[in-house]
Amino acid sequence: MKLLPRLRQIAMVGSVETLGVAVGGIAGLLIVNVLPKDQYAAYTFLVACMTLILGVSDLGLAHCTMPIVGQRANEQPWVVGVCHQVFRKRWVLLGLGLVVVGPYWYFSSQQHGWSGAAYLVASLLMVAVVLLALREHYASTVLLILSQIGTLNRIAVASHSVRIAFVGVVLLLPSTSWSMVGIVAATAAASFVSVLLYRKAFRTQQIVDAHLDAGTSKKVDADILRIAKPLVLPGVFYQVQGVITVFLVSLFGTASMLAEVGAFGRLAMVLIVVDRVTNVLLFPAIARAPMGPRLGAIVAQAHLAYFSMGAAVLLTAFVFPQYWILLLGKQYESMTSVVWMVFLASIVMNASGFAFRTLSVRGATAGQTYSIPVTLITQVLYLWLVGVSDLRSVLGFGIATSMANFGYQYALLAVRWMEWRKDRPVFADSQARL
C-alpha cells in the first residue's frame with residue numbers, strides 16, 4: 001500500500017477511535033465525578049465481573065481467527081466460516097464463565113452489603129451486556145478481517161453516541177440508588193444498537209451466513225487446537241490477572257478503595273486509542289505479511305513507536321499529576337502523588353499485551369504457559385515483602401505484575417522476531433494455510 005493511502009487510513013481510523021475513547025472517557029469521568037463513591041465501587045465491581053466472564057469465554061480463541069484466515073482474507077465465505085467455527089466454541093465457554101464468576105459475585109456482594117432491587121437489576125443488565133458483547137465481537141471480527149474499516153467506524157460512532165446520550169440523561173436526573181442501573185443500561189443500549197447495525201451491515205454487504213463443510217471444519221478445529229491449546233492455562237490465569245487489582249481490593253479492601261482503583265482506571269483510557277488503531281490496521285497487516293526483512297521492520301517500527309507514545313504519556317503523569325486528578329474530581333484529590341504509578345502499570349501491561357498480540361496473529365502462541373510461574377513468583381514475592389495494605393501498595397502490586405509480563409512477552413517476541421526477519425518460503429511459516 002502506498003504511503004498517502006496508508007496515512008489517510010490511519011488518520012480515519014485514528015480519528016474515529018480517538019472520538020470513541022474521548023466519548024467513553026467523558027462518560028467515564030462524568031460517572032466518576034457524579035456517582036457517590038459507594039455506587040461507583042459497586043459499578044467498578046460489576047464491570048470487573050463482566051470483564052472476567054468475557055475473558056473466560058475467550059481462553060485463546062480470539063487469537064485464532066486471523067492466523068487461520070491468513071492470506072485468504074479476501075474470500076468472504078472462508079472468513080465467515082472460520083469465525084463461525086471459532087465463536088461457536090466461545091459461546092460454550094460463556095456458560096462456564098457465568099458459573100465461575102457467579103460465586104465470586106455473590107461472596108463479594110454480601111461482603112460489601114450490595115443488595116436490593118437496584119443492585120440486582122444492574123447485575124442482570126451486566127449479563128445482558130456480556131451476551132450482546134459476544135455478538136459484537138463476532139461481527140466486528142468478520143468485518144475487520146474483510147477490511148470493512150468504514151463500516152466499523154460508522155457503527156462505533158453510533159454506539160458511542162448512544163452511550164454518551166444515555167449517560168448524560170442519567171446524570172442529569174437526581175442521584176438515587178438507581179443511578180448506577182441507568183449507567184449500566186447505557187452500556188447495554190449502546191451494545192444493542194451496535195448489534196442491530198452489524199446485522200444491517202451484513203445484509204447490505206451481502207455477507208452470507210456461511211459454514212464450513214465437515215472435512216474443512218475438522219482441519220480448522222485442528223488449527224484452533226494448535227493455536228489455542230498453549231493459551232488455555234495462560235488464558236485462565238491472565239483473565240484473572242486482568243482484574244486482579246479489583247479482585248484483591250474487593251476481597252480485602254474497603255468500598256472506598258475499590259472506587260479509587262476504578263476511578264484511576266479511567267485515567268489510563270488515553271492508551272486505548274493506540275491499541276484500537278493497531279488492532280484495526282497493524283495486526284491484520286502483520287498476520288498477512290510473508291516472512292522476511294519487511295515483516296521484521298514492521299514489527300520493530302511498530303514497537304518503537306508504541307514505546308515512544310507510552311513514554312510521553314508517563315512523562316505527563318510525573319510532571320502534571322494535578323491536572324489528571326482534576327478529571328476525577330475533588331473526592332479523589334488525595335491520590336495526586338500516585339498518578340504516575342497508575343500510568344506506569346497501565347503502559348507496561350499494555351506493552352506486554354502489544355507484544356503478545358504481535359505473536360498471536362502469526363500463530364506463535366507456544367511457550368505462553370511458562371509465563372504463569374514467572375508472574376506468580378513475582379506476585380508472591382511482592383505480597384511477602386510489601387503486602388497490599390493501602391492504595392499505594394495495591395498499585396505497586398500492579399506494577400510488579402506488569403513488569404513480569406512485560407519481560408516474559410518481549411523475551412518471546414525477541415526470539416520470534418529474529419526468525420521472522422529471515423527470508424523463507426511462505427508455506428514454511430507457522431501460518432501455512434489450508
Side-chain angles (χ1 to χ4, degrees), residues 13 16-17 19-21 23-24 27-28 43 46-47 49-58 61-66 69 76-77 79-98 101 121-170 181-211 272 275-276 279-280 284:
V13 176
V16 171
E17 294 300 341
L19 173 64
V21 172
V23 169
Y43 175 74
L46 290 180
V47 170
C49 288
M50 178 191 71
T51 304
L52 192 54
I53 293 170
L54 283 173
V56 172
S57 78
D58 180 356
L61 291 173
H63 303 288
C64 293
T65 51
M66 283 190 187
V69 169
Q76 188 184 104
V79 172
V80 175
V82 169
C83 289
H84 259 307
Q85 200 71 8
V86 171
F87 275 82
R88 279 173 57 192
K89 294 168 177 57
R90 289 198 65 182
W91 277 104
V92 173
L93 288 175
L94 181 64
L96 176 63
L98 291 169
V101 176
V121 170
S123 299
L124 290 174
L125 280 172
M126 275 298 186
V127 175
V129 170
V130 168
L131 298 176
L132 290 167
L134 205 54
R135 294 182 182 276
E136 285 185 272
H137 290 175
Y138 164 74
S140 62
T141 300
V142 171
L143 293 178
L144 175 60
I145 295 174
L146 293 174
S147 297
Q148 299 295 325
I149 308 302
T151 303
L152 288 169
N153 288 341
R154 288 191 294 273
I155 294 174
V157 169
S159 175
H160 295 318
S161 301
V162 169
R163 183 165 186 262
I164 192 67
F166 267 72
V167 169
V169 170
V170 171
V181 177
I183 298 300
V184 180
T187 303
S191 293
F192 182 71
V193 168
S194 288
V195 170
L196 292 180
L197 292 176
Y198 278 125
R199 286 183 176 179
K200 181 180 177 181
F202 273 47
R203 289 194 301 269
T204 302
Q205 299 177 29
Q206 298 181 334
I207 300 175
V208 296
D209 193 23
H211 293 270
I272 298 176
D275 288 336
R276 289 184 177 173
N279 279 339
V280 173

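Excluded from the calculations below are hydrogen atoms, water molecules and symmetry mates; all remaining heavy atoms, backbone and side chain alike, are included.
Thr187 has its side chain out of reach of Val47: every pair of non-hydrogen atoms, C-beta onward, lies at least 4.5 Å apart. When side chains are defined from C-beta on, Cys83 counts as touching Thr65, because their heavy atoms get closer than 4.5 Å.
With rounding to the nearest 0.5 Å, the separation of CG in Leu196 from OG in Ser159 is 11.0 Å. Between the CG atom in Leu46 and the OG1 atom in Thr51 there is a gap of 10.5 Å [rounded to 0.5 Å]. Note that the CD1 atom of Ile145 and the OG atom of Ser140 stand 9.5 Å from one another [nearest 0.5 Å]. The distance from atom CD1 of Ile207 to atom CG of Leu146, rounded to the nearest 0.5 Å, is 5.5 Å. The structure places CG of Leu54 at 12.0 Å from CG of Leu93, a figure rounded to the nearest 0.5 Å.
For the residue pair Cys49 and Val101, the shortest heavy atom distance occurs at CB-CG1, 3.8 Å. The two residues Val167 and Ala186 make their nearest non-hydrogen contact at CG2-CB, 3.8 Å.
When the side-chain contact (heavy atoms from CB on, under 4.5 Å) test is applied to Thr151, the partners found at least two apart in sequence or on another chain are Leu143, Gln148, Arg154, Ile155, Ala201, Gln205. For Tyr138, the side-chain hydrogen bond (donor to acceptor under 3.5 Å, both in side chains) partners two or more places apart in sequence, or in a different chain, are His84. With sequence neighbours left out, Phe166 forms a ring pair (Phe, Tyr, Trp, His ring centres under 6.0 Å) with no residue at all.
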Throw together a table of side-chain donor-acceptor distances under 3.5 angstrom for residues 121-137, partners on residues two or more places apart or in other chains.
residue	atom	partner	partner atom	Å
Ser123	OG	Trp105	NE1	3.1
Ser123	OG	Tyr119	O	2.9
Glu136	OE1	Ser191	OG	3.0
Glu136	OE2	Ser194	OG	3.3

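Each salt bridge (charged side-chain N to carboxylate O under 4.0 Å, His left out) pair with one or both residues in residues 84-95, not counting sequence neighbours, appears once here: Lys89-Asp221. Under the salt bridge (charged side-chain N to carboxylate O under 4.0 Å, His left out) criterion, no residue pair touches residues 185-207, with sequence neighbours excluded.
Around the CZ atom of Phe192, the shell of radius 6.0 Å holds no more than 12 heavy atoms that belong to other residues, nucleotides or ligands.
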